[in-house]
Amino acid sequence: MALVLYNTRSRCEETFQPLVPGRISIYVCGITVYDRCHVGHARSLVFFDTVVRYLRWRGYEVEFVRNITDIDDKIINRARERAEPWKDLADRFIAAMHRDVEALGCLRPDIEPRATDHIGEMIELIATLERRGLAYKVGDGDVYFAVTDFPPYGGLSGRNLEEMQAGARVDIDERKRSPMDFALWKSAKPDEPWWPSPWGNGRPGWHLECSAMSMKYLGRVFDIHGGGEDLIFPHHENELAQSCGAYDTDFVRYWIHHAFVRIDQEKMSKSLGNAFAIEDVLKEVEAEGLRLHLLSVHYRSPLDFSAAGIAESTRALVRAYETLARADEAGVAAREYGWESPEAAPLVEAMDADFNTSRAVGILFESLREANRALDAGDAGRAAEAVAVMRAVGRGLGLLLRSPSEFLGSYNARGASQAGLAAADIERLIVARREARSAKDFRRADELRAELLGQGIVLEDGPAGTTWRRA
RNA sequence: GGCGGCGUACCCAAGUGGUUAAGGGAGAGGUCUGCAAAACCUCGACUCAGCGGUUCGAAUCCGCUCGCCGCCUCCA
């Protein structure tokens with residue numbers, strides 16, 4: 001079996017061959033920290049986290065780098081609006097982003113470089129491009145990349161310069177040699193942050209940081225570079241031009257881009273004003289439910305954001321944890337299949353096929369049903385096998401990693417508290433109902449149950465007594 | 001205008017040339033239960049936006065039409 005992934009550059013699925021056998025280097029474009037992260041960012045965070053988790057589970061040694069853009073126009077403008085030092089603003093949103101990453105159950109990258117810590121590397125890269133005749137300075141310190149002197153320009157995004165210029169919506173800057181030339185270094189305007197450089201005081205262009213930092217940490221050629229599909233052009237096209245232009249390297253072997261989260265058939269984005277902050281969404285829904293929801297659609301298809309959709313995924317997740325809890329109670333041996341075991345083959349096949357998380361989720365629910373069937377039949381061995389598959393899927397997708405009792409406990413407690421009930425209140429009603437039932441007063445017993453149901457609490461009568469859960 | 005993508009059951013969503021079109025939710029029937037709930041079982045698209053074409057065979061390839069979306073400007 002071989003890992004196959006869709007490479008934006010070739011627009012084809014390709015069999016993955018790492019540069020160094022057994023090792024994978026991956027760079028993902030991270031967040032520009034001028035605001036809180038929204039659900040669109042969550043998709044990126046969760047998807048690439050899943051890629052890394054899966055590849056590690058799959059036996060690869062993965063080096064994962066995700067940058068933080070902590071200097072750019074938006075940060076400067078936002079800081080000015082709020083009369084806050086730009087660095088404080090960036091630090092604040094970095095902290096918020098880290099909270100979101102943790103809440104979503106994402107691993108931290110191995111290296112999380114910040115643009116402002118790499119100004120020196122960026123200056124060096126510009127100097128190299130200048131020496132090679134691909135960069136030129138205009139006015140009082142702006143430096144541009146000369147796209148017409150880099151023939152492969154447009155190759156990643158499948159465009160050519162003539163077409164782009166014909167339909168260009170950008171304002172023509174008369175000082176540029178070609179309208180498509182992009183900034184490597186921007187001279188500082190009054191009251192803007194700046195760093196000294198051979199071209200004058202200023203700051204780096206946006207695309208530059210990813211070229212400089214990815215090559216610094218992963219080498220001039222590395223395996224995977226990822227991001228949202230809106231980054232294909234111009235961001236990644238420009239990164240490619242800078243890196244290849246400077247060093248005649250392949251730069252990136254596989255480009256992976258995920259589709260957007262949409263809302264009402266439209267891209268979710270800050271500028272459209274339809275973005276939901278992760279932090280706000282997680283006040284209402286379980287983070288792991290959101291994670292499952294994000295993974296239930298293949299990454300190259302758009303995903304519609306809706307409260308109902310997340311609720312459905314959450315309910316499905318709860319069902320999975322309930323089955324794991326059942327298995328624990330039945331004393332089913334805790335096992336997990338490694339990626340090479342035959343039982344894990346369907347999962348590996350699904351995920352090796354360009355990270356088909358949707359199919360992997362299907363496998364999770366098939367094994368879930370099998371586990372329940374075995375538990376119903378009292379077949380602990382068969383249940384253990386099915387649960388082991390569930391756990392393997394969970395390992396690959398970053399799901400079901402908490403203890404069932406802990407997850408269900410907090411989930412149910414949250415439901416109760418939303419209904420304004422304490423666990424003790426519910427227990428008291430359960431006792432009252434038990435007494436009614438002993439007296440064969442089923443009408444009273446049913447009333448008590450209906451009362452709780454009205455508040456979102458379901459009572460279940462089992463052999464070991466009555467338990468409650470969130471509806 | 002250029003480039004790219006999508007349209008699968010009531011809803012979400014896999015499948016992209018070949019036995020019965022994954023999985024989840026909702027719905028119907030059943031087992032279990034004082035009644036429920038949960039769990040399990042059964043049922044559910046003769047069909048994959050529409051129309052043509054290629055093929056022994058297409059949801060899957062090609063063409064056209066309709067509808068929707070994205071990139072080309074900051075953007076995950």
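Only a predicted model underlies this, so the values are computations on that prediction, with no experimental measurement involved.
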Among the nucleotides [options], which one has an atom lying closest to any side-chain atom of [X]?
X         : options                   : answer
Glu312(A) : rC71(B), rG34(B), rG25(B) : rG25(B)
Arg449(A) : rA36(B), rG23(B), rC71(B) : rA36(B)
Arg11(A)  : rG4(B), rC69(B), rG24(B)  : rG4(B)

Inter-nucleotide [atom1] distance ([N], [M]), Å rounded:
N       : M       : atom1 : result
rC6(B)  : rA14(B) : P     : 11 Å
rC11(B) : rG44(B) : C1'   : 14 Å
rG15(B) : rG7(B)  : P     : 10 Å
rA13(B) : rA26(B) : C1'   : 15 Å
rC32(B) : rU42(B) : C1'   : 16 Å
rG30(B) : rU60(B) : P     : 40 Å
rA39(B) : rU33(B) : C1'   : 12 Å
rU47(B) : rC68(B) : P     : 26 Å

Tell me: [atom1] of [X] to [atom2] of [N], nearest whole Å?
X         : N       : atom1 : atom2 : answer
Arg300(A) : rG15(B) : CZ    : C1'   : 14 Å
Leu231(A) : rG4(B)  : CG    : P     : 20 Å
Glu460(A) : rA39(B) : CD    : P     : 8 Å
Ile426(A) : rA37(B) : CD1   : P     : 19 Å
Asp354(A) : rA14(B) : CG    : C1'   : 13 Å
Lys267(A) : rC74(B) : NZ    : P     : 11 Å
Leu375(A) : rC41(B) : CG    : C1'   : 16 Å
Arg359(A) : rA14(B) : CZ    : P     : 11 Å

NA contact type, [X], heavy-atom cut-off 4.0 Å: base, sugar-phosphate, or nothing?
X         : value
Arg159(A) : base
His298(A) : sugar-phosphate
Lys74(A)  : base
Gly462(A) : nothing
Glu366(A) : sugar-phosphate
His257(A) : nothing
Phe260(A) : base
Gly40(A)  : base
Phe442(A) : base
Asp446(A) : base
Arg437(A) : base
Ser358(A) : base
Val261(A) : base

Does [N] have OP1 or OP2 under 4.0 Å away from a side-chain N or O of [X]?
X         : N       : answer
Asn356(A) : rA14(B) : no
Arg443(A) : rC35(B) : no
Arg369(A) : rG24(B) : yes
Arg469(A) : rA36(B) : no

Is the NZ or CZ atom of [X] both under 6.0 Å from the centre of the six-membered ring of [Y] and within 45° of that ring's axis?
X         : Y         : result
Arg9(A)   : Tyr254(A) : no
Arg300(A) : Tyr6(A)   : yes
Arg177(A) : Tyr144(A) : no

Task: Full working for salt bridge (charged side-chain N to carboxylate O under 4.0 Å, His left out) between Arg108(A) and Asp49(A) - done: CA-CA 9 Å; Arg108(A) 290 281 279 269; Asp49(A) 177 66; over 6 Å; no
For [N], the Watson-Crick or wobble partner whose two distances fall under 3.5 Å:
N       : result
rG70(B) : rC3(B)
rC43(B) : rG27(B)
rA14(B) : none
rA49(B) : rU65(B)
rU54(B) : none
rU20(B) : none

Task: Upstream residue (5' side of RNA chain B) when Leu368(A) and Ala360(A) are each assigned their closest nucleotide - done: Ala360(A)
Open item on the list: Check the orientation of His41(A) and His38(A). Use parallel for under 30°, tilted for 30 to 60°, and perpendicular for over 60°.
Closed with: tilted
TODO: Classify the angle between the aromatic ring planes of Trp255(A) and His236(A) as parallel (below 30°), tilted (30 to 60°) or perpendicular (above 60°).
DONE: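 If you compare the ring of Trp255(A) with that of His236(A), the planes turn out tilted.
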- [ ] Over all heavy atoms of both residues, which pair between Phe150(A) and Ala241(A) is shortest? Give the atoms and the distance, please.
- [x] CE2-CA, 3.5 Å
Task: Donor-acceptor under 3.5 Å (Asn7(A) side chain, Cys12(A) main chain) - done: no
Task: Salt bridge Asp425(A)-Arg428(A), side-chain N to carboxylate O under 4.0 Å - done: yes
